[in-house]
Amino acid sequence: MEMVISNVLCELNDDNKVEVSLLLADDKILNDLNKEYRNKDKATNVLSFPFHKNSLEEIKINYKKNNHLFLGDIAISFERIIYESLEQEKVFLEYFSYILIHGLLHLLGYDHIQDKDAEIMEELEINIMKQMGFNHKHSSLQLPNEIV
């Protein structure tokens with residue numbers, strides 16, 4: 001997890017501290033969070049709760065001004081990641097890393113609501129995966145539509 005976080009946050013990597021809260025839970029907890037915060041009564045594999053509602057550039061400016069930056073919270077259903085990695089015949093560690101990358105990018109202001117934004121986010125995810133030594137083809141990394 002530390003390697004994933006370091007690779008995603010490499011642009012912010014200097015003497016300052018970056019904090020991310022990570023909850024590894026089960027489907028019930030993710031279902032409850034999804035229902036409470038998104039009005040969707042179903043489990044999902046990852047939810048991100050950004051502390052900053054700013055763009056990445058604004059986050060970087062705030063980061064440079066302070067010794068510390070809290071990006072927000074990520075909740076991951078460990079149960080769902082295990083199930084989905086088996087169902088999709090993906091290596092668990094790679095799939096978990098990809099889900100964590102996805103959640104971290106949301107904390108940095110990226111989203112996939114518009115097709116153009118989705119393409120940008122997906123390209124970043126794939127590039128980060130490659131930097132970490134995961135050499136899957138683009139099509140094998142596509143995530144279910146349920147991801148936030």
Side-chain angles (χ1 to χ4, degrees), residues 1-27 29-30 33-34 37-38 40 43-148:
M1 288 186 289
E2 286 180 29
M3 183 176 76
V4 171
I5 293 168
S6 293
N7 275 278
V8 173
L9 303 179
C10 65
E11 287 186 48
L12 301 176
N13 193 13
D14 58 22
D15 293 336
N16 296 342
K17 305 279 187 227
V18 176
E19 183 179 350
V20 174
S21 173
L22 180 61
L23 171 67
L24 298 178
D26 59 16
D27 276 353
I29 291 173
L30 268 282
L33 290 170
N34 206 14
Y37 293 101
R38 298 183 63 232
K40 295 187 178 190
T44 187
N45 47 24
V46 62
L47 291 168
S48 295
F49 302 96
F51 185 74
H52 301 275
K53 302 295 183 200
N54 304 335
S55 69
L56 180 57
E57 289 308 312
E58 291 170 320
I59 291 171
K60 287 180 184 180
I61 290 167
N62 286 335
Y63 180 67
K64 298 297 179 194
K65 291 180 184 176
N66 301 304
N67 283 345
H68 183 267
L69 178 65
F70 178 65
L71 287 176
D73 305 302
I74 298 173
I76 295 177
S77 172
F78 203 72
E79 175 184 357
R80 183 156 298 273
I81 300 304
I82 291 171
Y83 172 77
E84 288 176 354
S85 65
L86 291 171
E87 179 184 62
Q88 299 171 30
E89 298 180 356
K90 294 180 180 175
V91 176
F92 173 79
L93 180 60
E94 292 177 4
Y95 188 63
F96 179 85
S97 297
Y98 193 72
I99 296 296
L100 181 54
I101 290 166
H102 188 89
L104 286 163
L105 289 176
H106 276 303
L107 296 185
L108 292 172
Y110 292 95
D111 69 50
H112 44 81
I113 297 168
Q114 304 294 322
D115 288 343
K116 180 183 171 190
D117 295 331
E119 289 173 18
I120 292 168
M121 189 171 178
E122 198 168 15
E123 185 176 331
L124 276 169
E125 292 164 340
I126 291 167
N127 288 338
I128 293 166
M129 289 291 286
K130 286 179 182 176
Q131 288 171 6
M132 294 175 51
F134 299 132
N135 293 314
H136 282 281
K137 294 179 183 175
H138 177 85
S139 61
S140 69
L141 293 173
Q142 288 181 349
L143 300 175
N145 292 331
E146 298 172 3
I147 292 184
V148 175

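Because the structure is predicted, anything quoted here is derived from the model rather than measured.
Here the shortest heavy-atom pairing between Ile81 and Asn45 reads CD1-CB, 3.5 Å. Scanning all heavy atoms of the two residues, the minimum distance from Asp27 to Ala43 falls at O-CB, 3.7 Å. When all heavy atoms of Ile76 and Leu30 are compared, the closest pair comes out as C-CD2, 3.7 Å. Between Arg80 and Thr44, the shortest heavy-atom distance links the atoms CD-C, 3.5 Å. Across every non-hydrogen atom of Ile74 and Ser48, the tightest pair is CG1-OG, 4.1 Å. The minimum heavy-atom distance between Tyr98 and Glu122, with the atom names listed, is OH-CG, 4.1 Å.
Qualifying salt bridge (Lys or Arg N to Asp or Glu O under 4.0 Å) partners for Asp73, counting only residues two or more places apart in sequence or in other chains: none.
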Exercise. Mind running side chain to side chain contact (heavy atoms under 4.5 Å, CB included) on Leu107 and Val8 for me, showing each step along the way?
Key: CA-CA 11 Å; Leu107 296 185; Val8 173; over 6 Å; no

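Heavy atoms from other residues, nucleotides or ligands lying under 6.0 Å from CD of Gln114 number 12 at most. Heavy-atom contacts from other residues, nucleotides or ligands closer than 6.0 Å to CZ of Phe70 number more than 12. Summarising the local packing, CZ of Phe51 is surrounded by 12 or fewer heavy atoms from other residues, nucleotides or ligands at distances under 6.0 Å.
Using a distance-only test at 3.5 Å, with no hydrogens or angles considered, no donor-acceptor pair links the side chain of Asp117 to the main chain of Ile120.
Partner Leu47 forms a side chain to side chain contact (heavy atoms under 4.5 Å, CB included) with one of Leu33, Leu23, Ile29 and no other, that one being Leu33. Screening Glu84, Glu89, Lys90 for a side-chain hydrogen bond (donor to acceptor under 3.5 Å, both in side chains) with Tyr95, the sole residue that qualifies is Glu84.
Taken to the nearest 0.5 Å, the CG atom of Leu71 stands 14.0 Å off from the NE2 atom of His106. Remark: Ser77 OG to Tyr83 OH distance equals 12.0 Å, nearest 0.5 Å. Atoms CZ and CD1, from Phe96 and Ile82 in turn, are 10.0 Å apart once rounded to the nearest 0.5 Å. Going from atom CD1 of Ile5 over to atom CD1 of Ile101 covers 10.5 Å, rounded to the nearest 0.5 Å.
Ring pair Phe78/Phe92: centre-to-centre distance below 6.0 Å.
Side-chain contact between Ile128 and Leu104 is absent, with no heavy-atom pair separated by less than 4.5 Å.
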